[in-house]
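These notes concern the structure reproduced below.
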Amino acid sequence: MAFFDRLLGQDTLDEHQHKSLGAFGTVALWLGANVVVTTILTGMLLVPDLPFTTAMGSVLVGSLIGAVPLLLVGLMGQRTGLPSMALTRRAYGPLGSRLISLVNMGVLIAWSWIQALLAGMSLDYAIQATTGYSNLALMTILCESVVVLIVLRGHLGIERVERWAAVAMVGLAAVVLYQLNRHYDVSALLDMPVEARNGITLGIAFDIVIATAFSWISSSADYNRNCKSSAIAVWGTYIGYVLAALLAMGLGAAVSGLSVLNGMPQTYDPTRLLSGFGFGLPAALVIFFSVMTTNVMAVYSATLSCMNVSPGMAFWKPALVIGVVTVFGALIPGILDQFQNFLLLIGALFIPAFSVIIVDYYLVGRDGYGRELLTSPHQLGRPTAAVAIGAYLIGAALAAYWSLVSPLAFGASLPVFVITGTLYWLGAMLLTRPRPHTDAVEESTP
C-alpha cells in the first residue's frame, strides 16, 4: 500500500506543493501545451485569407498580448501556491467558485474527449503506415489510458513527460518543415495571392490568436504554482507559449498555403502533404505528441477542479474517475462535430470569469489570497462576491451576443475582458472604499 501511495501523485489544493519547475521545464510545459492540433488548425484558417507575412505578424503580436492575462494568473499561482479554481474563491465566494469549477471540469472533460480521438487518429495512421493494422477505437483507448496513467502520477509525472515530449515535438516539427521545404516551393508562400476562403480579416485573425491564449487562463495557475520563482513563472511561460504559437500556427499556415498552391484540398495536416514522399509518419507523430501533451494537462486540471468542488478528496480518486470518463467519452460517435462549437463558446465565457480574478488580485487587494481561501467559510459573505458575479454575467452575455448574434469585426475576446474587469473594479471600489468619518464622530458622542 505504501508503494502504491508513492506511485500515485499526492497533489493537493494547499500551498505546500513542490516548487519543482525550473526555467527549462516551464518553457517545455507551455511549449507542449500550445503545440496542438487546434492551434495548428488556427494557422490554417489565416492563409490564404491573409498574406502569409501578415498572418504571422498577427500571430506574433496577438500572442504577445494575449499571453499577458495567462502570465498574470500563472503568477498568482506561483505566489500563493494555489491552483486556478481555488483562486476564484476570494472574488466569487465558495459557492460561485464551485459553480465555476463544475463548468470548468465539464469543459475540460469534453475537450479531453476530442483530444483523445485526435491522438487515436494520429496513432492509428502511424501504426497503419508501418504495419498495415488499423483500429481507431483501440488506438483511442490506448492513448487516453496512457494519459490517465501519467496524470495519476501527479504534477511531477506531468513535468517529466512534458519536458521530453516537447523536445520530441520540436525535433519532429523541424524534420517536417525541412521535408516540406525540400518537396515544395515554400518561398512561394511569400508571394501567394490573397483568397477569401474562411472569412478571416486581420481583426478577426487578431481576435482568434488572442482567444487561443485566453483559453489557457483557467488552468495556468495549476502548473505555475510549482515554479521555483516568479521570474521563471513569467518568462518561462511567456517564451514557451509564444514560441509554441509561432511554431504551431506557422506550421498550419504553411501547410494550408502549400496545399492551396498545389491544387489540393485545403488542410492543416502535414501528413497529407508528405505521405506520398514517405514522410507521413514523422508528420503523424508531431500531431500525436502535440495532442497527448495537451490532453494530459486537460485531465489534470479537471481533477483539480473536482477537488475544489469537494475539498479533502484524495487526488487519485477524481483523477481515476475522470480518466475513465474520458476514455469512454472519446468513443461517442461524431464527438468532433458535436463539441467543437460548444467548447469555443464556453471558452469565450471563461474570459470574463478570469478578468474578474485578475482585477481582484492586482487592483483591488491581495489580502486573503492564501491558505485562508481553503479554510475560511466567511469568504462567502464578502460584499464584492455579488459584484463579481454580476460583472461576470454581464461579460458572459456580451461574449455570447458578440460571438453568436452580432459578431464584432475585430472579435469579442479583448473587449469582453476589458469591460468585465472594469465593471468589477468600479463596483469593488465603491464597496471597499473607506467610509466617511461620521462613524467615528458618532462613537465619541455620549
Side-chain angles (χ1 to χ4, degrees), residues 62 64-101 103-104 207 210-211 213-222 224-225 230 233-234 237-238 241 305 308 346-370 372-373 376 379-402 411-434:
L64 289 172
I65 295 174
V68 171
L70 175 69
L71 303 178
L72 293 176
V73 176
L75 183 59
M76 291 170 63
Q78 197 282 328
R79 287 175 173 175
T80 63
L82 301 177
S84 299
M85 290 299 108
L87 291 172
T88 65
R89 292 187 180 191
R90 199 191 95 125
Y92 291 102
L95 179 60
S97 177
R98 287 192 178 97
L99 292 175
I100 292 174
S101 298
V103 174
N104 191 50
D207 181 66
I210 288 180
F214 282 2
S215 67
W216 280 106
I217 291 179
S218 66
S219 300
S220 58
D222 295 344
N224 282 17
R225 69 176 178 145
S230 297
V234 171
T237 304
Y238 211 21
Y241 180 85
S305 294
N308 189 54
I346 296 298
L349 296 182
F350 266 103
I351 292 173
F354 277 85
S355 174
V356 168
I357 302 303
I358 290 172
V359 170
D360 188 62
Y361 181 81
Y362 290 99
L363 297 181
V364 176
R366 301 181 186 180
D367 293 339
Y369 273 100
E372 56 267 35
L373 280 181
S376 300
Q379 292 287 343
L380 183 62
R382 292 187 72 245
T384 55
V387 177
I389 294 173
Y392 168 73
L393 291 176
I394 293 173
L398 289 175
Y401 181 77
W402 285 335
S413 299
L414 200 55
V416 167
F417 184 85
V418 173
I419 291 173
T420 307
T422 301
L423 288 175
Y424 174 71
W425 180 78
L426 291 173
M429 288 298 98
L430 289 174
L431 288 177
T432 59
R433 67 182 179 179

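Any value given below was found using the heavy atoms of this structure, including those in side chains, with hydrogens, waters and symmetry copies removed.
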Taking C-beta and beyond as the side chain, do [X] and [Y] meet within less than 4.5 Å on heavy atoms?
X	Y	result
I357	V73	no
I210	F417	no
F214	L70	no
T420	V356	yes
R366	R79	yes
D360	Y369	yes

Should the heavy atoms of other residues, nucleotides or ligands under 6.0 Å from OH of Y362 be counted, would the total exceed 12?
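Enclosed.
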
What distance do [X] atom [atom1] and [Y] atom [atom2] have between them, rounded to the nearest 0.5 Å?
X	Y	atom1	atom2	answer
M85	I100	CE	CD1	7.0 Å
L99	Y92	CG	OH	11.5 Å
I217	L71	CD1	CG	10.0 Å
T237	L72	OG1	CG	11.0 Å
M429	L363	CE	CG	7.5 Å

Contacts of type side-chain hydrogen bond (donor to acceptor under 3.5 Å, both in side chains), residue [X], not counting sequence neighbours:
X	value
S230	Q78
T88	S97
S219	S301

Is there a donor-acceptor pair closer than 3.5 Å between any side-chain N or O of [X] and the backbone N or O of [Y]?
X	Y	value
R225	G81	yes
D207	S413	yes
Y241	A213	yes
Y238	L64	yes
D222	S84	yes

If you compare all heavy atoms of G74 against all heavy atoms of N224, which two are closest, and at what distance to 0.1 Å?
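What the structure gives for the nearest pair is O-CB, 3.3 Å.
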
Shortest non-hydrogen separation from G395 to V416 and the atoms involved:
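Result for this residue pair: O-CG1, 3.6 Å.
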
Between F354 and S218, does a side chain to side chain contact (heavy atoms under 4.5 Å, CB included) hold up when you go through it step by step?
CA-CA 7 Å; F354 277 85; S218 66; 3.6 Å; yes

